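Just so we're on the same page: letters track the sequence lines, and every chain starts at 1. Treat the numbers as computed from the prediction; the structure is a model and nothing was measured.
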Protein chains: 2
Amino acid sequence: MTEFNLKEKFKRSDFRLTKPRKIIFDILENSEEHLSAEDIYRIAYNIYPAIGLTTVYRTLELLEKMGIVLKHDFGDGRARYEIRETESKRKGHHHHLICKMCHKVIDYKVCMDEEKELVKKTIEGLEKKYGFHITDHVIEFYGYCKDCYSKLENQKKQRRGQVI
Amino acid sequence: MTEFNLKEKFKRSDFRLTKPRKIIFDILENSEEHLSAEDIYRIAYNIYPAIGLTTVYRTLELLEKMGIVLKHDFGDGRARYEIRETESKRKGHHHHLICKMCHKVIDYKVCMDEEKELVKKTIEGLEKKYGFHITDHVIEFYGYCKDCYSKLENQKKQRRGQVI
DNA sequence: CTTGCTGCAAAGTGTTTGCATACAT
DNA sequence: ATGTATGCAAACACTTTGCAGCAAG
């Protein structure tokens with residue numbers, strides 16, 4: 001059985017359960033979003049204005065090293081953090097669909113057993129072949145969302161118009 | 001038939017084929033690595049010391065927008081660029097295996113038709129469901145390479161030793 | 001009490017921008 | 001000739017570090 005409470009998990013570790021950490025854990029556990037350090041800082045600040053952005057960065061770094069949080073780069077110039085599915089009651093395993101223009105990210109649930117099976121097989125193969133110890137995988141699809149795609153098409157049309 | 005020469009492709013476009021661009025194209029076409037802007041700048045500098053790092057960034061941005069180059073973040077704090085397989089005689093379609101500690105990246109070729117089929121099916125499903133126009137996908141496995149993994153294990157042992 | 005954790009300010013680092021000049025077409 | 005592309009320097013934005021004080025265990 002997986003334990004879904006970061007605070008519990010932390011008490012059992014050698015790290016200290018401080019006020020800033022408690023707040024950051026709550027935010028991560030209760031968010032569906034991909035939060036940046038700044039996002040988390042702002043939310044935390046409302047609860048506990050004494051908190052510093054540095055602490056947010058340091059806590060996230062710690063959580064990442066502990067394998068509790070995943071750090072992503074979706075191309076908008078800042079790292080985004082997300083709690084792992086095994087640590088969250090809310091998030092199941094999912095992949096990402098990312099707009100290269102507005103950087104919107106859609107989580108989509110993986111339902112196909114076929115895919116899970118294939119990923120498992122791939123991991124086994126890679127670990128054997130390259131001697132890696134694999135802990136995570138990322139499957140992401142990049143492109144343009146509906147809105148940005150039509151903007152793009154309009155731009156093309158306009159450019160053609162100017163040339164004529 | 002795909003055209004494998006960036007310079008040719010560029011002549012047909014509305015952009016100007018300048019000396020810095022020629023050099024950057026050559027570097028990208030002839031490299032097997034995932035180069036950073038700085039890497040490319042250094043190689044280019046040896047051929048043409050008048051080149052500026054800014055130009056490298058701007059050229060890479062342009063190539064990315066044209067869909068000729070892929071920009072990656074492997075977690076070492078700088079973007080890395082790689083020519084697309086359709087633009088290169090050298091690189092076939094591949095995915096990445098990334099060490100979270102030393103940031104080494106292994107390219108592995110995808111041979112399984114099963115996987116290609118699944119990816120195709122997934123893309124079609126996502127485009128329909130979310131109205132996205134998908135242009136790229138990324139499949140990456142993260143973990144620790146053999147060396148870093150044993151370093152990690154040693155650290156754990158030492159820490160246990162200290163506690164006793 | 002001990003020492004890990006915190007917040008602040010400052011430094012660091014990759015990347016982008018403003019601008020006058022050079023150059024491809 | 002004309003307008004795009006360039007290189008430099010400066011600006012930016014996110015992230016990390018040094019340090020003295022605070023507080024969890």
Name every donor-acceptor pair, under 3.5 Å, that has one atom in a side chain of residues 140-148 of chain A and the other anywhere in the protein, sequence neighbours excluded.
| residue | atom | partner | partner atom | Å |
| --- | --- | --- | --- | --- |
| Glu140(A) | OE1 | Tyr142(A) | OH | 3.1 |

Which residue pairs satisfy the side chain to side chain donor-acceptor pair (under 3.5 Å) criterion with at least one member in residues 65-79 of chain B, sequence neighbours excluded?
Glu61(B)-Lys65(B), His72(B)-Glu82(B), Asp76(B)-Arg80(B)
Separation of [X] atom [atom1] from [N] atom [atom2], in whole Å?
X: Arg12(B); N: dT25(C); atom1: CZ; atom2: C1'; result: 18 Å
X: Leu60(B); N: dT15(C); atom1: CG; atom2: P; result: 10 Å
X: Asp76(B); N: dG12(C); atom1: CG; atom2: P; result: 20 Å
X: Asp14(A); N: dA24(D); atom1: CG; atom2: C1'; result: 14 Å

Which letter, B, S or -, goes with each nucleotide of nucleotides 15-22 of chain D from 5' to 3', with contact meaning a protein heavy atom under 4.0 Å?
SBBB----
Sugar-phosphate only, base, or nothing, as touched by Tyr48(B) at under 4.0 Å among non-hydrogen atoms:
sugar-phosphate
Could you tell me which residues satisfy ring-ring contact (aromatic ring centres under 6.0 Å, His included) with [X], sequence neighbours excluded, listed by chain and number?
X: Phe10(B); value: Phe15(B), Phe25(B)
X: Phe132(A); value: none
X: His95(A); value: His93(A), Tyr108(A), His137(A)

Above 12 or not: heavy atoms from other molecules or residues under 6.0 Å from CD of Glu38(B)?
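Counting neighbours around CD of Glu38(B), more than 12 heavy atoms of other residues, nucleotides or ligands fall under 6.0 Å, so yes.
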Lys11(B) or Ala50(A), whichever maps to the more 5' nucleotide of DNA chain C:
Ala50(A)
Would you jot down, in residue-number order, the residues of residues 16-26 of chain A having a non-hydrogen atom under 4.0 Å from DNA chain C?
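The stretch gives Arg16(A), Thr18(A), Pro20(A), Arg21(A) as the residues lying under 4.0 Å from the strand, ordered by number.
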Show me, pair by pair, the donor-acceptor contacts under 3.5 angstrom made by side chains of residues 120-130 of chain A, not counting sequence neighbours?
| residue | atom | partner | partner atom | Å |
| --- | --- | --- | --- | --- |
| Lys121(A) | NZ | Glu114(B) | OE1 | 3.3 |
| Thr122(A) | OG1 | Leu118(A) | O | 2.7 |
| Glu127(A) | OE2 | Ile134(A) | N | 2.7 |

Please report, to 0.1 Å, the donor-acceptor pairs under 3.5 Å made by any side chain of residues 100-107 of chain B, with sequence neighbours excluded.
| residue | atom | partner | partner atom | Å |
| --- | --- | --- | --- | --- |
| Lys100(B) | NZ | Thr135(A) | OG1 | 3.1 |
| Lys100(B) | NZ | Asp136(A) | OD2 | 2.9 |
| His103(B) | NE2 | Gly75(B) | O | 3.0 |
| Asp107(B) | OD1 | His34(B) | NE2 | 3.0 |
| Asp107(B) | OD2 | His94(B) | NE2 | 3.4 |

